[in-house]
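Structure record follows, encoded as structure tokens.
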Amino acid sequence: MSLDPQEFMTKMEKRVNLTSEDKALLKSHADWGKEIASEMADHFYTYLGNDEEMDAIMKEKEGRMERLRVTFVQWFYEMFTGMDDWGKAYAERRWRIGLVHVKIGIAPQHVVPAMAIVVQAFTNRIKTDSKDEALRDALSRICMIDLAFIEQAYVEVSSAAVLKETGWTEGLFRRLISTGASSM
């Protein structure tokens, strides 16, 4: 159950319909993305800081909050640049970000609503700054791809841990999950 980040990226681009026009639009607004990245980090971390569990995770280690904020600003800007045209480097970086979320305990139940706050915030800025709605759509699509990487990291890490601990085959594991879901 090992994820190939580039393959996953390609699959997600097709699923959310991230087009070459979207990528060109994002690139053409990279300076604007860099300009608002810190503001988006403020929205994201203010929201997460209001959650007692997340606040504790973010402040668990000295300097973690500052490192997370720097990473967020860079992450946000990279959605506009695509790093390598949303290729291998982009996909691998998104995969690593997902794994870090798993490692420090920032679960999808926290990331998904926080990402919704970011989408709402950049949508408001797009309106305020009189940007085209197509930019909102493109940015929303790439956000959803990045969010999918974080969620998939949880699936992959959890599955790998169960398979390692139990010695089960992947087929047996998938059958058990399907059976378990059917019984709920």
Side-chain angles (χ1 to χ4, degrees), residues 1-41 43-44 47-48 68 70-104 106-127 129 131-160 170 173-174 177-178 181:
M1 299 186 92
S2 182
L3 181 123
D4 177 316
Q6 179 63 56
E7 187 178 300
F8 187 74
M9 181 72 192
T10 300
K11 185 184 297 185
M12 291 301 104
E13 283 185 40
K14 288 178 185 167
R15 285 188 178 157
V16 304
N17 194 30
L18 183 71
T19 65
S20 56
E21 292 80 13
D22 290 331
K23 292 175 180 181
L25 187 59
L26 289 167
K27 283 182 179 181
S28 73
H29 287 82
D31 288 342
W32 180 80
K34 190 174 198 173
E35 175 189 318
I36 70 165
S38 184
E39 176 188 334
M40 297 303 111
H43 289 290
F44 187 77
Y47 173 81
L48 290 176
L68 288 171
V70 167
T71 300
F72 181 96
V73 168
Q74 184 65 30
W75 162 80
F76 190 82
Y77 176 61
E78 288 171 356
M79 286 193 297
F80 288 86
T81 67
M83 294 172 61
D84 61 345
D85 202 33
W86 295 271
K88 184 178 180 182
Y90 187 91
E92 287 178 356
R93 178 149 161 78
R94 276 20 193 195
W95 180 239
R96 284 191 307 275
I97 289 170
L99 293 174
V100 168
H101 279 78
V102 175
K103 182 179 178 182
I104 66 175
I106 303 174
Q109 65 178 309
H110 301 294
V111 176
V112 172
M115 186 69 80
I117 295 297
V118 172
V119 171
Q120 180 182 25
F122 70 63
T123 296
N124 291 340
R125 270 305 293 265
I126 285 170
K127 289 177 186 172
D129 295 351
K131 301 287 183 188
D132 192 313
E133 284 191 25
L135 177 60
R136 181 205 61 215
D137 295 343
L139 191 50
S140 294
R141 282 192 270 282
I142 195 62
C143 273
M144 294 308 104
I145 290 172
D146 285 13
L147 185 58
F149 269 101
I150 294 169
E151 290 185 338
Q152 195 62 34
Y154 270 91
V155 170
E156 296 291 326
V157 169
S158 300
S159 300
E170 189 175 325
F173 182 62
R174 288 184 189 275
I177 290 172
S178 178

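Side-chain atoms are counted along with the backbone in the values below, which use heavy atoms only and exclude waters and symmetry mates.
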Atom pairs and distances, side-chain donor-acceptor, residues 95-104, under 3.5 Å, sequence neighbours left out:
residue : atom : partner : partner atom : Å
H101    : ND1  : I97     : O            : 2.7

Q.
Using the side-chain hydrogen bond (donor to acceptor under 3.5 Å, both in side chains) criterion, which residues pair with D84? Sequence neighbours excluded.
A. none

Q) Do the rings of F76 and F72 sit parallel, tilted or perpendicular, given the 30° and 60° boundaries? A) parallel

Q | By salt bridge (charged side-chain N to carboxylate O under 4.0 Å, His left out) - contacts of K88 (at least two apart) | A | E92

**Q.** Counterpart residues, salt bridge (charged side-chain N to carboxylate O under 4.0 Å, His left out), relative to E133 (two or more places apart)
**A.** R136

**Q.** Listed partners of Y47 passing side-chain contact (heavy atoms from CB on, under 4.5 Å), at least two apart
**A.** P113, A114, I117

Q) Can you check side chain to side chain contact (heavy atoms under 4.5 Å, CB included) on T81 and Y90, steps first, answer last? A) CA-CA 10 Å; T81 67; Y90 187 91; over 6 Å; no

Q: Please list, chain by chain and in numerical order, all residues satisfying side-chain hydrogen bond (donor to acceptor under 3.5 Å, both in side chains) with E21, sequence neighbours excluded.
A: T19

Q: Looking only at non-hydrogen atoms, find the nearest pair between S159 and F173 and report the distance.
A: OG-CE2, 3.3 Å

Q. So which pairs with a foot in residues 106-122 pass side-chain hydrogen bond (donor to acceptor under 3.5 Å, both in side chains), sequence neighbours left out?
A. none

**Q.** Residues forming a side-chain hydrogen bond (donor to acceptor under 3.5 Å, both in side chains) with K131, sequence neighbours excluded
**A.** none

Q.
Per the salt bridge (charged side-chain N to carboxylate O under 4.0 Å, His left out) rule, what does the pair list look like for residues 139-149, sequence neighbours excluded?
A. D22-R141, R94-D146

Q. Can you tell me how far CD of Q152 sits from CG of L147, rounded to the nearest 0.5 angstrom?
A. 11.5 Å

(Q) Just verifying a value: how many Å separate E7 CD and M12 CE, rounded to the nearest 0.5 Å? (A) 10.5 Å

Q. So which heavy atom on I142 is nearest to which on L26, and how close?
A. CG2-CD1, 4.1 Å

**Q.** salt bridge (charged side-chain N to carboxylate O under 4.0 Å, His left out) partners for E151, two or more places apart
**A.** none

Q) What residues form a side-chain contact (heavy atoms from CB on, under 4.5 Å) with K27, not counting sequence neighbours? A) D85, W86

Q: Drop me the distance from E35's CD to D129's CG, to the nearest 0.5 angstrom.
A: 6.5 Å

Q: Quick one: list whatever passes salt bridge (charged side-chain N to carboxylate O under 4.0 Å, His left out) with D137, sequence neighbours left out.
A: none

Q. At what distance, to the nearest 0.5 angstrom, does CZ of R93 lie from CE of M83?
A. 6.0 Å

Q) Do you know which of W75, Y77, F122 makes side chain to side chain contact (heavy atoms under 4.5 Å, CB included) with M40? A) F122

Q: Search all heavy atoms of I150 against all heavy atoms of V111 and return the closest pair with its distance.
A: CD1-CG1, 3.9 Å

